[in-house]
Amino acid sequence: MKRSTWILLCVLFLSIAFCAQAQDATRTAKQEKLEREIHNLQNETAALIKAEKFAQASDKLERLQMLLMDAGKYQEALDASFKIEEVSRKVSDRKSPWNYVRIGEVYLSLGDRDKFFEWMEKAIHERSFTKLEFFQDGHLAAVKNDPRYKRLLD
């Protein structure tokens, strides 16, 4: 092989290695930013609950739950979802079906289809969840062939 070919291959290899390293650094920076935001929200939420500012705490908990889902921290997201339900009861007698929907979605992310369907049934029957477009969205592809899914639609 010619010397120029070897040089070209080396440059190509180094370019690929450099790009991969840059992508890893970007990914790490994004993860660190997400971790900081999660940590800050956890602290803010705890302070709001302690101060009995439940409406603001509920809003922060919803944001925290979404960030935890994005970070793949599903068990922590589930804990946040149950905390949302607990705090929401202190804000109003009105019970949102979305709290149950979020709990169901986290269970689905954890791979627990039975719990997903259990919580979705609760959202529909106990809290009158009727947003059909939610079920038609592509995010539920993992359960669309399950007979329980068709029962939810009915």
**Message:** Would you compute the distance between atom CG of Leu61 and atom CG of Asp79 and round it to the nearest 0.5 angstrom?
**Reply:** 11.0 Å
**Lys144 atom NZ, over 12 foreign heavy atoms within 6.0 Å** = yes
**Message:** I need the minimum non-hydrogen distance between Phe129 and Pro97, along with the two atoms involved.
**Reply:** CB-CB, 3.7 Å
**Prompt:** Are Leu152 and Val143 connected in a single hydrophobic cluster, I mean Ile/Leu/Val/Met/Phe/Trp/Tyr linked by side-chain heavy atoms less than 4.5 Å apart?
**Reply:** yes
**Asked** If you measure from CD on Glu118 to CG on Asp112, what distance do you get to the nearest 0.5 Å?
**Response** 8.5 Å
**Message:** Testing Leu68, Leu67, Leu64, Val106 one by one against Glu76 for a side-chain contact (heavy atoms from CB on, under 4.5 Å), which residue passes?
**Reply:** Leu68
**Message:** Between Ser88 (side chain only) and Ile84 (backbone N and O only), is there a donor and an acceptor less than 3.5 Å apart?
**Reply:** yes
**Message:** Taking atom NZ as the centre, does Lys33 end up with more than 12 heavy-atom neighbours from other residues, nucleotides or ligands that are less than 6.0 angstrom away?
**Reply:** no
**Heavy-atom closest pair, residues Ile103 and Leu78** = CG2-CD1, 4.0 Å
**Asked** Out of curiosity, does Met66 fall in the hydrophobic cluster containing Leu108 (side-chain heavy atoms, cut-off under 4.5 Å, transitive links)?
**Response** no
**Request:** Show your reasoning for whether side chain to side chain contact (heavy atoms under 4.5 Å, CB included) applies to Gln56 and Glu44.
**Result:** CA-CA 10 Å; Gln56 294 107 326; Glu44 290 172 27; over 6 Å; no
**Asked** If you group Ile, Leu, Val, Met, Phe, Trp and Tyr by side-chain heavy-atom gaps below 4.5 Å, do Trp98 and Phe116 land in one group?
**Response** yes
**Item:** Closest non-hydrogen atom pair between Val101 and Ala123, with its separation
**Value:** CG2-CB, 3.9 Å
**Asked** Do Arg151 and Arg148 have side chains that get closer than 4.5 Å, going by heavy atoms?
**Response** yes
**Distance (rounded to the nearest 0.5 Å) between Met120 CE and Tyr107 OH** = 14.0 Å
**Fill in**
OG1 of Thr45 to CD of Gln65, rounded to nearest 0.5 Å, is 12.0 Å
**Message:** Tell me the closest heavy-atom pair linking Ala57 and Ile49, and the distance in Å.
**Reply:** CB-CG1, 3.7 Å
**Asked** Taking the side chain as C-beta and beyond, is there a heavy-atom pair between Ile124 and Glu121 under 4.5 Å?
**Response** no
**Request:** Considering non-hydrogen atoms only, spot the tightest contact between Leu153 and Phe135 and give its length.
**Result:** CD2-CB, 3.3 Å
**Request:** For Tyr149 and Leu140, work out which heavy atoms get closest and say how close.
**Result:** CE1-CD1, 4.2 Å
**Request:** Please determine which of Lys90, Arg127, Arg102 meets the salt bridge (charged side-chain N to carboxylate O under 4.0 Å, His left out) test together with Glu85.
**Result:** Arg127
**Asked** With a cut-off of 6.0 Å (strictly less than), are more than 12 heavy atoms of other residues, nucleotides or ligands near NZ of Lys53?
**Response** no
**Asked** Of all residues at least two apart in sequence or in a different chain, which pass the ring pair (Phe, Tyr, Trp, His ring centres under 6.0 Å) check with Tyr100?
**Response** Trp119
**Message:** For the CD atom of Gln42 and the CG atom of Asn40, what is their distance to the nearest 0.5 Å?
**Reply:** 9.5 Å
